[in-house]
Every structure is written in C-alpha cells, then in structure tokens.
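Remember, predicted model here, so these are calculated numbers, not experimental data. Residue numbers begin at 1 in each chain, while the letters A, B, ... track the order of the sequences.
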Amino acid sequence: MAERLTREFFARSVHDVAPELIGATLLVDGVGGVIVEVEAYDQDDPASHSFRGSTARTASMFGPPGHAYVYRSYGIHWCLNLVCAEAPRAEAALVRALEPTSGLEEMRERRGLEPARALCSGPGKLCQALGITRVLDGCPLDEPPFELRAREEEAPLAVGPRIGITQAVEQPWRYGLAGSPFLSRRF
DNA sequence: CAGTGGATGCTCT
DNA sequence: GAGCATCCACTGT
C-alpha cells in the first residue's frame with residue numbers, strides 16, 4: 001500500500017512538491033483517482049492568489065502545509081489547492097485533473113453521464129465530481145474525508161506553461177502525466 | 001475541429 | 001464595478 005502523504009511531504013517548496021504529486025492518489029470520501037495534472041503557485045508569482053498578501057479568501061493558503069485551499073472560480077466552479085511550504089511562505093499546488101479510479105458512479109451522479117475521461121479533466125470538473133466545496137477549505141489532507149497517497153513509481157512528466165492566467169504566463173509550472181488521456185488539455 | 005461568449009458569485013479596488 | 005487559476009453550448013468552417 002502506498003505511503004500516506006503527510007504534512008512533512010508538503011512542508012517544502014511547491015516547485016519540489018508539485019511534480020511529485022503526479023501519480024499520487026486523491027480521494028474524498030472514497031471518491032477520486034490518480035492525480036495527472038497540477039500547477040504550482042508561489043508567493044513571488046503575480047498569478048498567485050498569495051501574491052498580494054493574505055485576505056479572507058486566501059487565508060488557508062497562508063496556513064500550515066498539508067491542508068486544502070478551496071476557492072470559487074468564475075462564480076461557478078470550485079478549485080482545490082494543496083498547500084505547500086511552511087508559513088509565512090504561501091505556496092500551493094492547484095489540482096487540475098485526475099484519472100478517475102474510485103467512485104465512478106457517484107461522480108456520474110454529480111456530473112451527469114459522461115465518459116470517464118471527461119469526469120475530472122479540469123479543476124472545476126474534478127471538484128464537482130468529488131463533491132469539493134468551501135466546506136473543505138482549510139481541512140487537513142491527512143484526515144477524512146481526504147485520503148492522499150504517494151505515487152508507487154516515478155511518473156513520466158510533461159511540463160508546460162500554466163492555463164487560464166494572464167500574469168507570468170511564460171513560467172513552465174504546469175506538470176502532467178505524459179500522454180495521459182485524462183488531462184484538461186494536451187501539453 | 002476552432003473560436004466565441006454567456007453564466008455566475010465573490011473578492012478586492 | 002471590474003475581473004477572475006472555468007466550463008459548456010453554440011457558431012462557423
């Protein structure tokens with residue numbers, strides 16, 4: 001059985017943690033799958049929510065590592081981040097896509113009938129499929145309802161620029177499982 | 001296919 | 001009151 005990811009794993013630079021998350025398993029109440037795409041955001045990054053300091057919305061990104069930072073995007077979607085680095089650093093990895101492996105029926109109930117490759121292929125989609133909302137903002141990742149397990153083997157990485165941002169567009173801080181059909185977009 | 005625009009709510013200026 | 005770390009439906013090839 002793969003090792004559980006604890007606070008110590010996340011208490012490092014997001015630029016070290018993010019690529020190691022590819023291939024890890026993320027479950028919420030037993031529903032989820034294998035992480036195939038993440039993006040790194042650090043505090044010196046104009047595209048990061050932590051760039052302009054702590055606010056009510058971003059407080060959990062400034063909290064201890066190994067916790068969730070959940071925010072609403074475009075008024076409609078929820079997005080899940082895994083908080084990295086020790087305070088006062090504020091870094092996080094945005095989980096952008098999963099390969100669904102567990103609880104497919106529940107995901108389809110939440111998102112409607114879809115092929116497996118479309119259930120979690122985007123940050124808003126996977127939060128809907130896993131039932132992630134603001135309720136989980138600030139919750140520890142090593143306790144229920146979360147279950148987070150390390151990858152069993154090193155994963156072939158794809159790297160590229162991040163998606164949907166207007167600042168620091170050129171930084172290659174998007175990581176994916178090379179060749180996976182479950183990505184939000186091809187690299 | 002690719003490209004466009006609407007929905008929607010909350011934060012910050 | 002603008003602007004979003006998005007998604008989907010709709011258009012036109």
Enquirer: Between A/Glu20 and A/Arg12, does any side-chain N to carboxylate O distance fall below 4.0 Å?
Expert: yes
Enquirer: Going through the checks in order, is the salt bridge (charged side-chain N to carboxylate O under 4.0 Å, His left out) test met by A/Arg7 and A/Glu86?
Expert: CA-CA 10 Å; A/Arg7 172 183 171 136; A/Glu86 291 285 359; 3.2 Å; yes
Enquirer: Contact class for A/Arg96 vs. all strands (heavy atom < 4.0 Å): base, sugar-phosphate, or nothing?
Expert: sugar-phosphate
Enquirer: Under a 3.5 Å cut-off for both distances, is B/dT8 Watson-Crick or wobble paired, and to whom?
Expert: none
Enquirer: Whole angstroms only, please: what is the OH-P distance between A/Tyr69 and B/dC10?
Expert: 14 Å
Enquirer: Salt bridge or not for A/Glu37 and A/Arg174, using N-O below 4.0 Å?
Expert: yes
Enquirer: When both hydrogen-bonding distances must be under 3.5 Å and the geometry is Watson-Crick or G-U wobble, what is C/dA5 paired with, if anything?
Expert: none
Enquirer: Taking the inter-plane angle between the rings of A/His15 and A/Trp173 on a 0 to 90° scale, is it parallel (under 30°), tilted (30 to 60°) or perpendicular (over 60°)?
Expert: tilted
Enquirer: Using atom types as modelled and distance alone, determine if a side-chain donor or acceptor of A/Arg108 lies under 3.5 Å from a backbone N or O of A/Glu114.
Expert: yes
Enquirer: Tell me the interatomic distance from A/Asp137, atom CG, to B/dC10, atom P, rounded to whole angstroms.
Expert: 14 Å
Enquirer: Taking for each residue the nucleotide of DNA chain B bearing the nearest heavy atom, is the 5' side occupied by A/Arg134 or by A/His77?
Expert: A/His77
Enquirer: Tell me: CZ of A/Arg57 to P of B/dC12, nearest whole Å?
Expert: 6 Å
Enquirer: Reading DNA chain C 5' to 3', which nucleotide is the first, and which the last, to come under 4.0 Å of any heavy atom in chain A?
Expert: C/dC4 to C/dC8
Enquirer: Looking across every strand, which nucleic acid part, if any, lies under 4.0 Å from A/Ile165 by heavy atom: base, sugar-phosphate, or nothing?
Expert: sugar-phosphate
Enquirer: Can A/Arg162 and A/Asp45 be counted as an ion pair, charged N to O under 4.0 angstrom?
Expert: yes
Enquirer: What is the distance, rounded to the nearest whole Å, between atom CZ of A/Phe51 and atom P of B/dT13?
Expert: 12 Å
Enquirer: Applying a 4.0 Å non-hydrogen cut-off, can you work out what A/Arg174 is touching in the nucleic acid: base, sugar-phosphate, or nothing?
Expert: nothing
